Amino acid sequence: MIKDLKSIKAVAALILSLLFTLIGRASIGQQLKAAFKFRTIVIDAGHGGKDPGAHGAYSLEKNVALAIAKKVDLLIQNSMPGVNVIMTRTTDKFIPLKRRSEIANENQANLFVSIHCNSSPEGTASHSNKERGVMLLVYGFHRKEEQMEALRENSSIYIEKDYQKNYDGYSESDPTSLIVLNTFMQKYRKQSILFGETLNDEFVNSDGRKSRGVKEQGVLVLAHSAMPAVLIETGYINNPIEEKYLNSEAGQEAIAASIVRALKIYRRQVESRQ
């Protein structure tokens, strides 16, 4: 009888211990959920300095990207209190791709947004729908037909000193090097797509822009960022109509406003889901 009583007490003690453990874990989980705040965003103006990027009839990608990035920075400061903005560059300065992602990683950013302009191989004379509109890129295992776009964005690395050392033998002549296997980025893939789709909705539904949608491609500046990351192709700079829009104050302000509206929606979504 005594032995059975001891066994019952032992089982009861074990059950109580397990209950306290589960309650404790639930409490910690709620605290972590409540503690998460979207605090830091890195805005990356693509190209810069000796790397002009794509060009139109009279303008360069590096200048358009910087102008839009500065407008995004100002809008966030004025309308998103509590969010810290870090710019990878604020002047016409060349920043290696590796350094851009390092800036985001060092500051433990919650989101990395890289601003660019697209360019079509058909030249500046084409006005067709094929060469117009925005496109959002997130890091992913890209298919063969997507490699050309990735190559265009990754081409900046060849200007850097010791690029083969910095990028672990990344070679222009080796097609397999275009696929950057960076497993920790997969953790943030869903959030990257979420922001990309939110931003796409803002461009299309609020601004009436044509869009080529959210694409997964092997862009190095995204692959090396240990957080959700999206590269925004704001328009085709070598299309005369788009070039005029991208260089206008009204066009740049509209693009910046769409980005910040999407940021506000995305912040609410990720804070509620954590």
Side-chain angles (χ1 to χ4, degrees), residues 41-78 85-101 103-104 112-127 131-137 149-160 199 202-203 207 209-212 217 219-222 225 229-260 262-263:
I41 178 172
V42 169
I43 303 296
D44 171 46
H47 307 282
K50 60 184 178 181
D51 175 18
H55 67 85
Y58 57 87
S59 63
L60 300 175
E61 178 180 5
K62 66 175 184 177
N63 297 329
V64 173
L66 182 59
I68 295 172
K70 286 182 174 180
K71 288 179 171 62
V72 172
D73 178 26
L74 185 60
L75 272 177
I76 293 173
Q77 289 185 40
N78 292 337
V85 181
I86 297 170
M87 301 274 285
T88 58
R89 68 180 181 97
T90 56
T91 61
D92 184 19
K93 181 180 180 181
F94 176 72
I95 308 291
L97 295 182
K98 188 171 185 289
R99 181 58 194 150
R100 293 170 192 261
S101 54
I103 290 170
F112 180 88
V113 177
S114 190
I115 298 174
H116 289 253
C117 299
N118 217 334
S119 178
S120 62
E122 286 80 7
T124 59
S126 175
H127 288 217
E131 293 84 30
R132 297 184 67 176
V134 298
M135 183 164 66
L136 298 315
L137 305 182
E149 178 65 24
L151 177 61
R152 190 183 76 78
E153 291 301 340
N154 290 344
S155 63
S156 301
I157 70 173
Y158 302 119
I159 299 174
E160 300 174 25
L199 183 54
E202 290 301 315
F203 279 131
D207 292 342
R209 295 289 307 280
K210 179 179 174 61
S211 174
R212 302 190 73 178
Q217 295 186 4
V219 181
L220 276 171
V221 75
L222 301 182
S225 302
V230 174
L231 187 148
I232 306 170
E233 299 281 17
T234 54
Y236 283 81
I237 197 170
N238 65 339
N239 180 309
I241 295 175
E242 294 245 290
E243 182 177 21
K244 183 178 180 181
Y245 179 79
L246 292 170
N247 281 275
S248 70
E249 282 294 311
Q252 291 177 1
E253 288 173 359
I255 292 168
S258 286
I259 293 172
V260 174
L263 281 172

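Start at 1 with the first residue, then count along the sequence. Values below: all heavy atoms of this structure, side chains included; hydrogens, waters and symmetry mates excluded. Keep in mind the model is a prediction, meaning the values are calculated, not measured.
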Would you say [X] and [Y] make side-chain contact, with heavy atoms under 4.5 Å?
| X | Y | result |
| --- | --- | --- |
| Asp73 | Thr90 | no |
| Cys117 | Leu246 | yes |
| Phe94 | Lys62 | no |
| Tyr245 | Arg132 | no |
| Ile237 | Ser59 | yes |
| Ile232 | Leu136 | yes |

Which heavy atom of [X] sits nearest a heavy atom of [Y], and at what distance?
| X | Y | answer |
| --- | --- | --- |
| Ala69 | Ala45 | CB-CB, 3.9 Å |
| Val72 | Ile115 | CG2-CD1, 4.2 Å |
| Arg89 | Asp92 | NH1-CA, 3.8 Å |

(request) First locate atom CG of Leu97, then atom CG of Asp51, and finally report the distance between them rounded to the nearest 0.5 Å. (result) 8.0 Å

(message) Rounded to the nearest 0.5 Å, what separates atom CZ in Arg99 from atom CG in Asp44?
(response) 12.0 Å

(request) Evaluate the side chain to side chain contact (heavy atoms under 4.5 Å, CB included) criterion for residues Lys71 and Ile255: first the C-alpha distance (whole Å), next the side-chain angles of each, then the deciding distance (0.1 Å), finally the verdict. (result) CA-CA 9 Å; Lys71 288 179 171 62; Ile255 292 168; over 6 Å; no

(request) Show your working on salt bridge (Lys or Arg N to Asp or Glu O under 4.0 Å) between Lys210 and Glu131 and close with a plain yes or no. (result) CA-CA 10 Å; Lys210 179 179 174 61; Glu131 293 84 30; over 6 Å; no

(request) Using modelled atom types only, decide if a donor and an acceptor are shared between the side chain of Asn238 and the backbone of Ser120 within a distance under 3.5 Å. (result) yes

(request) Answer yes or no: is there a donor N or O on one side and an acceptor on the other, between the side chain of Thr234 and the main chain of His116, under 3.5 Å? (result) yes

